[in-house]
Undergrad: 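Before I ask anything, here is the structure I am working with.
Below, all heavy atoms of this structure are taken into account, side chains as well, without hydrogens, waters or symmetry copies. Note that the structure is a prediction, hence the values are computed from the model and not measured.
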Amino acid sequence: MFKKILIANRGEIACRVAATARGMGIRTVAVYSDADAHAKHVAACDEAYRLGPPAARESYLLGDKIIAIARQCGAEAIHPGYGFLSENADFAEACATAGLVFIGPPSSAIRAMGLKAESKRLMAEAGVPLVPGYHGGQQDPTLLHKEADHIGYPVLIKASAGGGGKGMRIVETSANFLAALASCQREAAASFGNDAVLIEKYLTRPRHIEIQVFADTQGNCVYLFERDCSVQRRHQKVLEEAPAPGMTEERRAAMGKAAVDAALAVGYVGAGTVEFIANQDGSFYFMEMNTRLQVEHPVTEEITGQDLVEWQLRVANGEPLPLTQEELAINGHAIEARIYAENPAKNFLPSIGTLHHLVMPLEDGPVRVDSGVREGDAISPYYDPMIAKLICWGETRDAALRAMAAALRECEIAGVHTNVEFLVRTVESNDFASGNLDTGLIERNRSQLLSTEPAIAPEALVAAAFAIASSKTLGASASSAASPWDIADGWRTNLTSQRTLALQLGDQTHQVRIDYTRGGLVIAHAGIASLASGSVDGKKVRMHWNGAGIVANVARVRVTQANTRHEKLHTFVAGQRFDIELHDPLVESESGEDDAGGLTAPMPGKILAVLVKAGDSVEKGAPLVVMEAMKMEHTIAAPGRGRVTDVLHEVGEQVAEGAALIGFELAGAKAT
């Protein structure tokens with residue numbers, strides 16, 4: 001077995017590989033960009049080496065530098081994880097040339113499955129069922145239009161070299177085909193450097209079912225059953241589970257055989273996933289093969305009791321597969337939820353920032369957490385905004401569902417927007433709970449799943465007020481008072497001190513009064529005034545108010561935006577998150593300046609377009625600036641009718657998060 005391996009990746013998959021290697025007595029080497037110098041995966045490995053600046057093309061995609069580091073430190077093999085270089089045939093070949101073992105399939109298999117059109121041709125020869133469509137090399141728009149008309153609408157245009165939902169368009173009618181084709185080709189060229197497409201019949205209520213396969217160098221190949229990955233947003237997976245609901249033994253065997261045939265057809269070795277699109281009637285068709293370990297591999301591990309990373313290491317070391325097909329069996333049910341820093345209410349816009357508060361469920365019994373971040377780490381604009389993968393197992397699907405719903409409610413994350421509440425609503429929705437799955441589930445239930453109405457919880461407001469009132473200093477993060485004038489315990493000579501807090505939750509501002517009496521704190525809210533007793537230990541609030549016990553976590557964060565300082569109190573009560581803002585003159589006056597109406601960058605990025613000039617009058621919602629961040633375009637719009645007073649950046653400039661982009665004056669506002 002290898003004595004030392006280099007992990008050419010970051011985040012949770014690097015931590016995951018390091019954990020298995022450690023258990024096998026294998027030393028591990030991490031690589032990192034400047035953005036990841038203090039990352040969790042660096043701490044998880046025995047050695048670590050710098051690659052370069054944060055951008056992946058200047059760090060994690062530098063195959064030659066990674067190979068040089070591996071040789072320098074004495075690593076015998078490289079595990080690519082997923083993403084980055086994991087499906088790069090040239091990198092796999094370069095590893096072999098350098099005398100290093102690439103812990104993955106041979107480069108020939110990566111190449112064969114890398115282009116969708118070529119892989120479909122190979123699958124057809126191997127007898128693997130394909131969706132009716134055009135997979136040829138001719139790319140003349142007239143020919144492609146004719147092929148689409150022959151297939152019958154709706155059709156799906158897909159980038160031949162694509163992945164991750166990019167370069168895909170659904171076309172409902174012949175009249176819309178050429179415009180959709182041109183758009184798809186532009187996106188494919190920008191994302192993959194290749195504008196070739198294929199066209200397939202679009203199935204209206206398809207399920208996305210994939211088969212985990214494993215092959216060794218002795219010619220053995222098995223399938224470790226299926227995963228249902230139908231629940232997706234923007235063609236990207238959100239929830240995965242194994243086994244697939246409603247799967248019959250006959251269909252499982254047929255899909256397993258097709259997946260093994262696909263792997264054998266390209267001389268596969270190692271872990272791979274064969275993805276199928278499945279009709280509600282049970283028919284299924286080959287989509288593509290991912291020549292690497294998948295993000296959702298933990299659900300397969302949970303139902304089979306196998307460590308797939310250990311399998312990868314043993315196969316790469318030349319050992320035979322640990323088990324035969326007959327020895328593999330399914331035990332129970334597992335579901336994985338991908339917890340992302342993103343805002344579902346804004347079309348799942350990625351969210352960046354510091355994880356000021358991070359509490360995940362205890363890994364005990366049915367709950368497993370795979371994560372590459374810790375409290376205090378930053379979600380940066382350079383990489384995928386995944387925070388963690390939450391995996392829950394149960395003897396039945398219902399048991400796994402209950403465990404998942406409960407575990408999600410134990411997730412407490414502050415500092416970025418997250419999809420946690422969206423995931424709770426999804427796993428508890430009628431369609432998901434009943435196993436009525438297809439790739440349109442989220443869109444079909446959009447109004448229910450993407451609700452933006454913040455709940456109003458008196459307990460959250462009272463807990464936040466109690467945390468403020470219990471602070472001994474004016475500064476939320478101060479550990480001790482530097483001056484007696486900084487003490488905020490409410491003491492007065494022969495008087496009762498009273499303070500009214502303006503706590504904003506959503507679009508509503510709530511008045512909460514605090515009376516510092518001789519008998520203790522009295523908190524008044526919504527017509528109820530009651531003695532509040534209890535304790536605050538760090539973020540943990542334990543208190544009694546109005547005859548009820550309240551347990552909450554309150555993460556207090558000072559925020560500066562457009563020269564104005566305010567305080568956010570991310571309050572977690574009964575499995576719900578409430579983002580409360582404190583509008584307090586004592587805090588806001590510390591800024592020294594009033595907000596002049598500047599519009600700021602929501603995250604670091606590049607200015608793509610400036611659509612206005614100083615002096616322009618615009619209406620509410622008018623686009624002002626377009627910027628690119630985290631591989632997506634974001635439009636900065638006018639907050640109301642008003643006038644542009646200044647344009648602060650030019651096209652092509654890189655700007656930091658919070659940077660003022662536009663000087664803006666609302667109509668009727670007093671100029672400063």
Undergrad: After noting the C-alpha distance and the side-chain angles of Gln212 and Gln306, does the key distance pass the side chain to side chain donor-acceptor pair (under 3.5 Å) rule?
TA: CA-CA 12 Å; Gln212 175 73 62; Gln306 303 302 309; over 6 Å; no
Undergrad: I'd like to check Ile339 versus Lys389 (side-chain heavy atoms, cut-off strictly below 4.5 Å). Are they in contact?
TA: no
Undergrad: Should Asp36 and Arg10 count as an ion pair when the cut-off is N to O under 4.0 Å?
TA: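 Between Arg10 and Asp36 there is a salt bridge, with a charged N closer than 4.0 Å to a carboxylate O.
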Undergrad: For the pair Glu327 (side chain) and Thr324 (backbone), establish whether a donor and an acceptor sit closer than 3.5 Å, ignoring hydrogens and angles.
TA: yes
Undergrad: Is the backbone of Arg338 close enough, under 3.5 Å, to the side chain of Asn419 for a donor and an acceptor to pair up by distance?
TA: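 At least one qualifying donor-acceptor pair exists.
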Undergrad: Is there a side chain to side chain contact (heavy atoms under 4.5 Å, CB included) between Glu210 and His208? Walk through the geometry before answering.
TA: CA-CA 7 Å; Glu210 59 189 32; His208 184 145; 3.9 Å; yes
Undergrad: Distance from Gln312 atom CD to Asn317 atom CG, nearest 0.5 Å?
TA: 13.0 Å
Undergrad: Has the side chain of His41 got a donor or acceptor atom that lies under 3.5 Å from a matching backbone atom of Val31?
TA: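 Judged by distance alone, yes, a pair lies under 3.5 Å.
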Undergrad: Charged N to carboxylate O below 4.0 Å: is that the case for Asp149 and Lys146?
TA: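 No, this pair does not count.
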Undergrad: NE2 of His135 to OG of Ser119: how many Å apart, nearest 0.5 Å?
TA: 8.5 Å
Undergrad: For Asp438, is there an ion pair with Arg444 - N to carboxylate O distance below 4.0 angstrom?
TA: yes
Undergrad: Taking Arg292's backbone N and O only, do any of them form a donor-acceptor pair with Asn290's side chain (distance below 3.5 Å, no angle check)?
TA: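 No.
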Undergrad: Nearest heavy-atom pair of Cys184 and Ala159: which atoms, and what distance?
TA: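 Answer, listing the atom of Cys184 first, then Ala159: SG-N, 4.3 Å.
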Undergrad: Kindly give the heavy-atom pair with the smallest separation between Ala30 and Val42, and that separation in Å.
TA: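 Ala30 and Val42 have their closest heavy atoms at CB-CA, 4.1 Å.
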Undergrad: Around Arg374, counting heavy atoms of other residues, nucleotides and ligands shown, do more than 12 lie under 6.0 Å from its CZ?
TA: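 Check passes, neighbour count above 12.
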Undergrad: For a 4.5 angstrom cut-off between non-hydrogen side-chain atoms, does Leu51 reach Tyr32?
TA: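 No - every pair of side-chain heavy atoms lies 4.5 Å or more apart.
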Undergrad: Using a strict threshold of under 4.0 Å (side-chain N to carboxylate O), is an ion pair present between Glu241 and Arg227?
TA: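 Looking at Glu241 together with Arg227, the answer is no, because their closest N to O distance does not fall below 4.0 Å.
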Undergrad: Would you indicate whether the side-chain heavy atoms of Leu203 and Asn279 approach each other to under 4.5 Å?
TA: yes
Undergrad: I need the Gln139 CD to Leu181 CG distance, nearest 0.5 Å.
TA: 8.0 Å
Undergrad: For a quick test of reading the model, state the closest non-hydrogen atom pair linking Leu293 to Ala271 and the distance between them.
TA: CD1-CB, 4.1 Å
Undergrad: Begin from the C-alpha positions of Tyr382 and Tyr60 and carry the test side chain to side chain contact (heavy atoms under 4.5 Å, CB included) through to its verdict.
TA: CA-CA 11 Å; Tyr382 303 106; Tyr60 294 105; over 6 Å; no
Undergrad: A side-chain contact here means heavy atoms from C-beta on lying under 4.5 Å apart; do Phe286 and Val131 qualify?
TA: no
Undergrad: Ignoring hydrogens and angles, tell me if any N or O in the side chain of Asp384 forms a donor-acceptor pair with the backbone of Met386 under 3.5 Å.
TA: yes
Undergrad: Just verifying a value: how many Å separate Asp370 CG and Ile13 CD1, rounded to the nearest 0.5 Å?
TA: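 If we round to the nearest 0.5 Å, Asp370:CG and Ile13:CD1 are 8.0 Å apart.
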Undergrad: Are Glu240 and Lys237 ion-paired here, with the side-chain N under 4.0 Å from a carboxylate O?
TA: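 Judged by the 4.0 Å cut-off on N to carboxylate O distance, Glu240 and Lys237 do not form a salt bridge.
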Undergrad: Validate the cation-pi geometry between Arg233 and Tyr340: distance from NZ or CZ to the six-membered ring centre under 6.0 Å, angle to the ring axis within 45°.
TA: yes
Undergrad: Counting only N and O atoms by type, is there a donor-acceptor contact under 3.5 Å from the side chain of Thr20 to the main-chain atoms of Val17?
TA: no
Undergrad: With side chain to side chain contact (heavy atoms under 4.5 Å, CB included) as the test, would you mind laying out the steps for Ile67 and Phe91 before giving the verdict?
TA: CA-CA 9 Å; Ile67 288 172; Phe91 180 67; 3.8 Å; yes
Undergrad: Is there a side chain to side chain contact (heavy atoms under 4.5 Å, CB included) between Asn436 and Arg205 once you walk through the steps?
TA: CA-CA 10 Å; Asn436 184 24; Arg205 284 200 61 204; 2.8 Å; yes
Undergrad: Mark yes or no for whether Ser86, through its side chain, and Gly83, through its backbone, hold a donor-acceptor pair below 3.5 Å.
TA: yes
Undergrad: So, Lys4 and Glu76, do they make that salt bridge, N to O below 4.0 Å?
TA: no
Undergrad: Testing the basics here: between Ala44 and Arg22, what is the closest heavy-atom pair and its distance to 0.1 Å?
TA: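 Minimum heavy-atom contact is O-NH2, 2.8 Å.
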Undergrad: Do Arg16 and Glu301 meet the salt-bridge criterion of a basic N to acidic O distance under 4.0 Å?
TA: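 So Glu301 pairs with Arg16 through a salt bridge.
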Undergrad: Taking atom CD of Glu125 as the centre, report whether more than 12 heavy atoms of other residues, nucleotides or ligands fall under 6.0 Å from it.
TA: yes
Undergrad: Ion pair present between Arg207 and Asp228, side-chain N to carboxylate O less than 4.0 angstrom?
TA: yes
Undergrad: Any donor-acceptor pair under 3.5 Å linking the side chain of Asp216 with the backbone of Gly219?
TA: yes
Undergrad: Scan residues 258-284 for pairs that pass ring-ring contact (aromatic ring centres under 6.0 Å, His included), counting only residues two or more places apart or in two chains.
TA: Phe276-Phe284
Undergrad: With sequence neighbours excluded, give me every salt bridge (charged side-chain N to carboxylate O under 4.0 Å, His left out) pair touching residues 91-111.
TA: Asp90-Arg111, Glu93-Arg111
Undergrad: Do Phe225 and Thr304 have side chains that approach each other closer than 4.5 Å (heavy atoms only, starting at C-beta)?
TA: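 Yes, their side chains come closer than 4.5 Å.
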Undergrad: With heavy-atom distances below 4.5 Å as the criterion, would you say the side chains of Ile5 and Val29 are in contact?
TA: no
Undergrad: Which atom names give the shortest non-hydrogen contact between Leu401 and Val427, and what distance separates them?
TA: CD2-O, 3.7 Å
Undergrad: Salt bridge check: are Glu363 and Arg368 linked by an N-O gap of less than 4.0 Å?
TA: no
Undergrad: Give the minimum heavy-atom separation between Ala244 and Ile209, together with the two atoms involved.
TA: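 Scanning both residues, the minimum pair turns out to be CB-CD1, 4.3 Å.
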Undergrad: Enter the distance from Glu336:CD to Cys229:SG here, rounded to the nearest 0.5 Å.
TA: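 If I round to the nearest 0.5 Å, the distance is 8.5 Å.
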Undergrad: At what distance, to the nearest 0.5 angstrom, does NE2 of His150 lie from CD of Glu147?
TA: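 CD of Glu147 is found 7.0 Å from NE2 of His150.
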Undergrad: Is there a side-chain contact between Met113 and Met123, using heavy atoms and a 4.5 Å cut-off?
TA: yes
Undergrad: I'd like to know if the side chain of Trp393 reaches the main chain of Gly365, judged simply by a donor and an acceptor atom lying under 3.5 Å from each other, with no hydrogens or angles considered.
TA: no
Undergrad: Do the side chains of Cys221 and Phe214 get nearer than 4.5 Å, heavy atoms only?
TA: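 Sidechains of Cys221 and Phe214: no contact.
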Undergrad: Does the side chain of Asp281 come under 3.5 Å of the side chain of Ser283 through a donor N or O and an acceptor N or O?
TA: yes
Undergrad: Could you give me the CA-CA distance, side-chain angles and deciding distance for Phe348 and Phe422, then say whether ring-ring contact (aromatic ring centres under 6.0 Å, His included) is met?
TA: CA-CA 10 Å; Phe348 299 95; Phe422 161 77; 5.2 Å; yes
Undergrad: Taking only residues at least two apart or on different chains, which pairs with a member in residues 48-69 satisfy salt bridge (charged side-chain N to carboxylate O under 4.0 Å, His left out)?
TA: Asp34-Arg50
Undergrad: Check for a donor-acceptor pair, side chain of Ser371 on one end and backbone N or O of Ile387 on the other, with a separation under 3.5 Å.
TA: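 A pair under 3.5 Å: yes.
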